[in-house]
Amino acid sequence: MTATQNSIEQSFECGICHDYLTEVRETPCCHQLFCFTCIQQWLNQGGSCPQCKSTSLTENTLLKNVVLQRIVDNIELDCPYVLAGCSAKVPRCDLENHKQLCPYSTAKLADKQQQKLQKSIALLNQYTETAIPVSDNDLYDLAKALHEQYAYAEARKCFGKMKTKNSSLEIVILQAHIERDDGKYTDALRLYDQAYDMTTSPSQRIELLLAKK
Ligand SMILES: [Zn+2]
Ligand SMILES: [Zn+2]
Ligand SMILES: [Zn+2]
């Protein structure tokens with residue numbers, strides 16, 4: 001997380017890594033601010049002061065700046081998963097902690113998707129492996145959910161038990177979408193044609209012609 005080029009925020013920036021300061025250290029020679037690890041590494045490599053080139057600067061002469069550190073720690077930042085939907089503003093010192101717990105983190109979202117898919121597959125097994133009667137509506141909803149989760153083979157299995165598999169326009173279209181998205185274009189075209197013959201309105205026909213592409 002790099003500090004933005006706003007002038008106030010720039011004063012909270014380390015002169016070496018240009019990120020927000022961590023364990024602030026101030027140089028006694030020119031009062032520049034650096035992260036402790038950044039300036040330590042610099043000096044260990046035999047560098048003079050990065051700002052004023054003073055050669056008397058050593059790790060032991062660096063000053064702490066507790067007040068500035070407190071300010072930097074409390075700067076509120078966007079959660080790094082803001083694009084995934086997290087709107088939390090997090091004090092910088094809590095950021096690492098928040099990243100672990102954020103429900104929008106990549107790992108948490110992948111987990112959630114995985115759980116959703118497992119649930120759908122469990123439902124599919126229940127529908128297909130037991131004698132309990134299932135409505136075509138429930139099978140359709142499940143096929144749609146599996147399609148959205150890219151589980152094409154599983155989605156296809158839902159149609160086996162459907163009574164209106166070939167007589168409901170909605171169901172034929174869903175089958176066509178699944179074949180199309182799974183790259184089975186010949187099957188998809190056959191199903192789109194089948195659906196086209198079932199259409200009763202021009203708007204349905206246009207929708208189908210667009211879906212074929
Ligand atoms: Zn730094
Ligand atoms: Zn200096
Ligand atoms: Zn978050």
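Everything numeric in this text was worked out from a predicted model, so none of it was measured. Remember, it's 1-based here, ligands and their atoms both numbered in the order they're listed.
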Restricting to N/O/S, name the atom of His98 that gets closest to the Zn ion (ligand 3).
-> NE2

Spatial distance of atom NE2 (His147) from atom CG (Leu142) [nearest 0.5 Å] = 13.0 Å

Mind listing the closest non-hydrogen atom pair of Ser105 and Lys99 along with its distance?
-> CB-O, 3.9 Å

Is the Zn ion (ligand 2) under 2.8 Å from any N, O or S atom of Cys30?
-> yes

Answer yes or no: is there a side-chain heavy-atom contact under 4.5 Å between Lys64 and Glu26?
-> no

Angle at the Zn ion (ligand 3): provide the value between SG of Cys102 and SG of Cys86, rounding to 10 degrees.
-> 110°

Take Asn44 and Gln40 through the test side-chain hydrogen bond (donor to acceptor under 3.5 Å, both in side chains) and record every step on the way to the result.
-> CA-CA 6 Å; Asn44 282 347; Gln40 185 187 41; 5.1 Å; no

Vertex the Zn ion (ligand 1), arms to Cys14 SG and Cys38 SG, rounded to 10° | 110°

Report the angle formed at the Zn ion (ligand 2) by atom SG of Cys29 and atom SG of Cys49, rounding to the nearest 10°.
-> 110°

Axial cation check for Phe36 ring with Arg25, 6.0 Å and 45° limits = yes

